[in-house]
2 protein chains.
Amino acid sequence: MTEEHHGDVSPVDGVLAALADPTRRQLLDLLAELGEVTATTLAEHLPISRQAVVKHLAVLDAAGLVTGRRAGREVLYAVRPAALNATARWMAALASDWDRRLATIKRLAEAAERDALPPDGEPRQS
Amino acid sequence: MTEEHHGDVSPVDGVLAALADPTRRQLLDLLAELGEVTATTLAEHLPISRQAVVKHLAVLDAAGLVTGRRAGREVLYAVRPAALNATARWMAALASDWDRRLATIKRLAEAAERDALPPDGEPRQS
DNA sequence: TTGATGTGCAACTCCACAGTTGCACATCAA
DNA sequence: TTGATGTGCAACTGTGGAGTTGCACATCAA
């Protein structure tokens with residue numbers, strides 16, 4: 001049990017890396033809209049080749065954001081919300097942590113400022 | 001008024017691109033822990049040069065995740081939760097949208113399967 | 001004023017990754 | 001079987017970005 005706060009080996013980093021690419025986000029939007037489609041179909045909706053789409057889908061699959069299922073000679077991909085949900089929660093918790101820390105700092109700063117002033121509240125000359 | 005669903009020009013993409021880098025996430029953790037510190041101080045806690053830290057801070061600043069404030073000859077950086085919160089909400093909404101769509105698809109699929117079966121529910125032989 | 005410390009700017013290297021093309025292999029329909 | 005369509009693998013190119021070093025400029029303490 002080391003004292004590290006936010007572990008970096010979580011599935012979160014994979015999701016963040018995957019979502020960093022605009023083309024991959026576009027791909028996810030297409031998948032959510034079209035339902036279950038092949039890489040070839042997806043490539044027809046984008047200005048890139050099928051192979052590029054396949055590589056992106058591999059990254060998204062490794063991140064747990066999509067799933068590929070074989071149907072005859074084609075592979076149908078679909079969106080997978082679980083990993084996205086987990087990352088959203090991770091982010092909200094991190095933001096909440098920052099808020100907590102900042103509130104504490106602000107409170108301490110105000111207390112120190114009060115202490116620095118003389119008891120009668122006279123401001124010191126510069 | 002195009003029919004695009006999830007706009008990509010939001011502050012979200014900047015945040016995602018910023019969070020994609022592990023070093024940048026480490027930097028944010030350090031900032032949240034140390035409060036207000038300079039790039040030089042941050043560099044002492046990391047295996048990279050001060051200039052690398054400065055560049056990362058510029059990216060984080062552009063994404064709205066950090067703020068730099070001048071104090072004499074040094075610049076103090078601090079964490080900023082607003083953009084992170086916004087992105088967390090964006091992600092949660094997206095995940096919820098996916099859940100909704102998948103539920104609809106599943107419902108339709110089950111209805112279609114019911115229609116394909118004979119009225120008396122007899123399973124067809126393989 | 002001098003030395004020390006800290007920031008800002010610029011040029012450079014290096015590599016991971018997005019995207020491409022070409023071809024071999026598998027599957028469906030005729 | 002043949003042709004058409006679709007996937008899988010491999011090699012290659014180009015570029016953005018992470019990181020470095022060197023130096024000029026600003027600020028603080030003596």
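Numbers restart at 1 for each chain; the letters A, B, ... are given by sequence-line order, proteins then strands.
At a threshold of 4.5 Å between non-hydrogen side-chain atoms, the residues L19(A) and L28(A) count as touching.
Among the nucleotides dC9(D), dG22(D), dT27(C), the one closest to any side-chain atom of Q51(A) is dC9(D).
Paired with L57(B) under the rule side-chain contact (heavy atoms from CB on, under 4.5 Å), one option of T67(B), L31(B), T38(B) passes, and it is L31(B). Of the residues D99(B), D97(B), T104(B), the one that meets the side-chain hydrogen bond (donor to acceptor under 3.5 Å, both in side chains) test with R101(B) is D97(B). For the side-chain contact (heavy atoms from CB on, under 4.5 Å) criterion with L60(B), the lone passing option out of R24(B), R80(B), K55(B), R25(B) is R24(B).
Note that CH2 of W98(B) and CG of L65(A) are 5.5 Å apart. Values are rounded to the nearest 0.5 Å.
Remark: DNA chain C forms stems of 3 or more consecutive Watson-Crick or G-U wobble pairs, all pair distances under 3.5 Å, at C:1-30 with D:1-30.
The shortest distance between the side-chain N/O atoms of S49(A) and the OP1/OP2 oxygens of dT20(C) is below 4.0 Å. OP1 and OP2 of dG17(D) both lie 4.0 Å or more from every side-chain N or O belonging to H56(B). OP1 or OP2 of dG8(C) lies within a sub-4.0 Å distance of a side-chain N or O belonging to R70(B).
Map Y77(B) and A71(A) each onto its nearest nucleotide of DNA chain C; the residue landing nearer the 5' end is Y77(B).
With hydrogens and angles left out, the side chain of K55(B) and the base of dG19(D) share a donor-acceptor pair within 3.5 Å. At a cut-off of 3.5 angstrom, counting only N and O atoms as typed in the model, there is no donor on one side facing an acceptor on the other between the side-chain of E74(A) and the base of dC28(C). Counting atom types as modelled, R50(A) pairs a side-chain N or O with a base atom of dG8(D) as donor and acceptor under 3.5 Å.
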